[in-house]
Undergrad: 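Below you'll find the structure I mean.
Keep in mind the model is a prediction, meaning the values are calculated, not measured.
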Amino acid sequence: MAAQAASSGGAQAAAATQLGDLPEECLAQAIALTSPRDACRIAAVSPAFRAAADSDHVWRAFLPRESPPAVLLHPAPPPPAKTKKEAYLGLCDAANAAAVDGGIRVWLERSTGARCYALSARRLSLPWDDGEFCWKFTPHPRSRFGEVAELVDCTCLDIYGTLPSSSLTPATTYAAYFVYGAAAEGGAGGGHRGLSYPDQETAVSVGGRVVDSHDVCLLPPDGGAAGVRRRPRRREDGWWEMEMGRLVINAGGETEEEEVTASFEVLGWHPKRGLLVEGIEFRPVVAHGSTAT
C-alpha cells in the first residue's frame, strides 16, 4: 500500500511538471536550435514560451555569423536595434536592403534566415553585338538601384548574371528570377517590340552544368495561351518577374568554388526593343505564408 501511494505521488508530481515550467534559459537553448519560423510559432504557445522565443539568445543564433564572400565586402552597417530579434528582422527588409559592391542588394529570407541576392542591371552581362547604342542606362522611380537598363534596339538578346556558389545558403532550394518591365506603347522610344515571340528560354547552371531550364514568354499576348511556356507574374512593386529555374547548393563544403549562372535568351534575329531590365534575384523557395513576425 505504501509503495502504491509513493508511486501515485511520483506520478502526480511528474504530471504537475510542465514543459513551460522549465527555466527560460533552457527553453531558449532548445528554441535556438530550430528556425525563425519555428521560434515565432512557439512564441504563440504561452507567455513563458514567448519570453524564451523572443530572447536575445534565440535570435543571436539566427543572425549571420560567417564573413561575407569576397563579392559582398564592405556592406553598409545595419541600423541600431534594441533586441537581436529587431536586428534580425531589419536584415530581412528587402525593400531597404543595403547595396554592396556597386550593385548587389543582400537580405535574409524571413522564415529561414537564408541569404537573398538582387543583382542590378549594371551587374549583368548584356549583349552589345548591335553596337554601343543598343542599351542605355536610365533612372527609374521604381528601381531599388536608381537606374535600369533599357533596350534601345538589337537583334541578339542574351542576358545573364552570376554569383559564387558560396554566396548562397547551403542545402537550400533557390529560384532565380528575371525582374523586368517594358516601355509603354506610344512613348518617346516607340514602346516595345519583339518581346512576345515564343522562342524565349531561361536556364540556371552551376559550374557550367545546366541544372534547370524553361521555355518562357516575357510578354504573352493579352488573352492568348502560352501553352506549356512559363508565364511571368506582376509584383507588388510594379515590376514583372519570371522564374528562370531552381538549384540547390549541397552542404558539405565543396573544395572548388563554382559559379552560379542564371540566363535569359530570345532565340532568333528579329528586331527587339523596349525591354527594361531591373535585375536578377536569387531567393530561397519557401512554403506560402511562412513568415517570421
Side-chain angles (χ1 to χ4, degrees), residues 10-101 104-118 144 163 165-175 236 248-253 281-293:
Q12 290 176 357
T17 302
Q18 303 294 323
L19 186 59
D21 297 331
L22 293 174
E24 180 180 314
E25 294 79 7
C26 293
L27 291 175
Q29 184 70 22
I31 297 170
L33 300 176
T34 62
S35 69
R37 179 197 300 128
D38 293 330
C40 291
R41 290 172 174 171
I42 292 170
V45 172
S46 69
F49 276 83
R50 173 172 286 278
D54 287 346
S55 68
D56 281 353
H57 179 83
V58 170
W59 291 91
R60 185 183 295 111
F62 300 147
L63 289 169
R65 293 180 229 171
E66 69 277 10
S67 299
V71 73
L72 299 178
L73 292 177
H74 311 302
K82 296 180 181 179
T83 67
K84 296 300 181 183
K85 183 176 181 179
E86 288 180 356
Y88 175 87
L89 295 177
L91 294 175
C92 299
D93 187 354
N96 296 311
V100 299
D101 197 33
I104 301 179
R105 288 186 178 268
V106 188
W107 67 98
L108 301 182
E109 198 285 313
R110 185 172 295 222
S111 64
T112 64
R115 294 183 293 270
C116 307
Y117 296 86
R144 293 162 295 173
L163 273 180
S165 59
S166 61
S167 300
L168 303 180
T169 302
T172 301
T173 300
Y174 275 88
E236 292 182 357
V248 178
I249 301 299
N250 295 324
E281 294 185 4
F282 293 86
R283 306 196 308 262
V285 177
V286 295
H288 180 69
S290 297
T291 58
T293 57

Undergrad: Heavy-atom distance under 4.5 Å between the side chains of Arg115 and Leu168, does that happen here?
TA: no
Undergrad: Apply side-chain contact (heavy atoms from CB on, under 4.5 Å) to Asp56 and Thr83, showing your working.
TA: CA-CA 6 Å; Asp56 281 353; Thr83 67; 3.7 Å; yes
Undergrad: Tell me the closest heavy-atom pair linking Ala32 and Phe62, and the distance in Å.
TA: O-CE2, 3.9 Å
Undergrad: Side chains of Leu91 and Pro64: does their closest heavy-atom pair fall under 4.5 Å?
TA: yes
Undergrad: Mind checking what makes side chain to side chain donor-acceptor pair (under 3.5 Å) contact with Arg105, not counting sequence neighbours?
TA: none
Undergrad: Minimum heavy-atom separation for Thr34 to Ala39, with atom names?
TA: OG1-N, 4.1 Å
Undergrad: Looking only at heavy atoms, which two atoms of Val58 and Ala28 are closest? And how far apart?
TA: CG2-O, 3.5 Å
Undergrad: Val286 vs Thr112, test: side-chain contact (heavy atoms from CB on, under 4.5 Å). Steps then yes/no.
TA: CA-CA 8 Å; Val286 295; Thr112 64; 4.1 Å; yes
Undergrad: Which heavy-atom pair separates Ala48 from Leu27 by the least distance, and what is that distance?
TA: O-CD1, 4.3 Å
Undergrad: Just wondering, do Trp59 and Pro36 contact through their side chains at under 4.5 Å, heavy atoms?
TA: yes
Undergrad: Rounded at 0.5 Å granularity, tell me how far OH in Tyr174 sits from OG in Ser167.
TA: 9.0 Å
Undergrad: What heavy-atom pair brings Tyr117 and Trp107 nearest, and what distance separates the two atoms?
TA: C-CZ3, 4.0 Å
Undergrad: Minimum heavy-atom separation for Ala52 to Ser55, with atom names?
TA: O-OG, 2.8 Å
Undergrad: Using the side chain to side chain donor-acceptor pair (under 3.5 Å) criterion, which residues pair with Gln29? Sequence neighbours excluded.
TA: His57
Undergrad: Out of curiosity, Asp93 CG to Leu108 CG, how far, rounded to the nearest 0.5 Å?
TA: 11.0 Å
Undergrad: Keeping the roles fixed (side chain from Tyr88, backbone from Gly113), state whether a donor-acceptor pair exists under 3.5 Å.
TA: yes
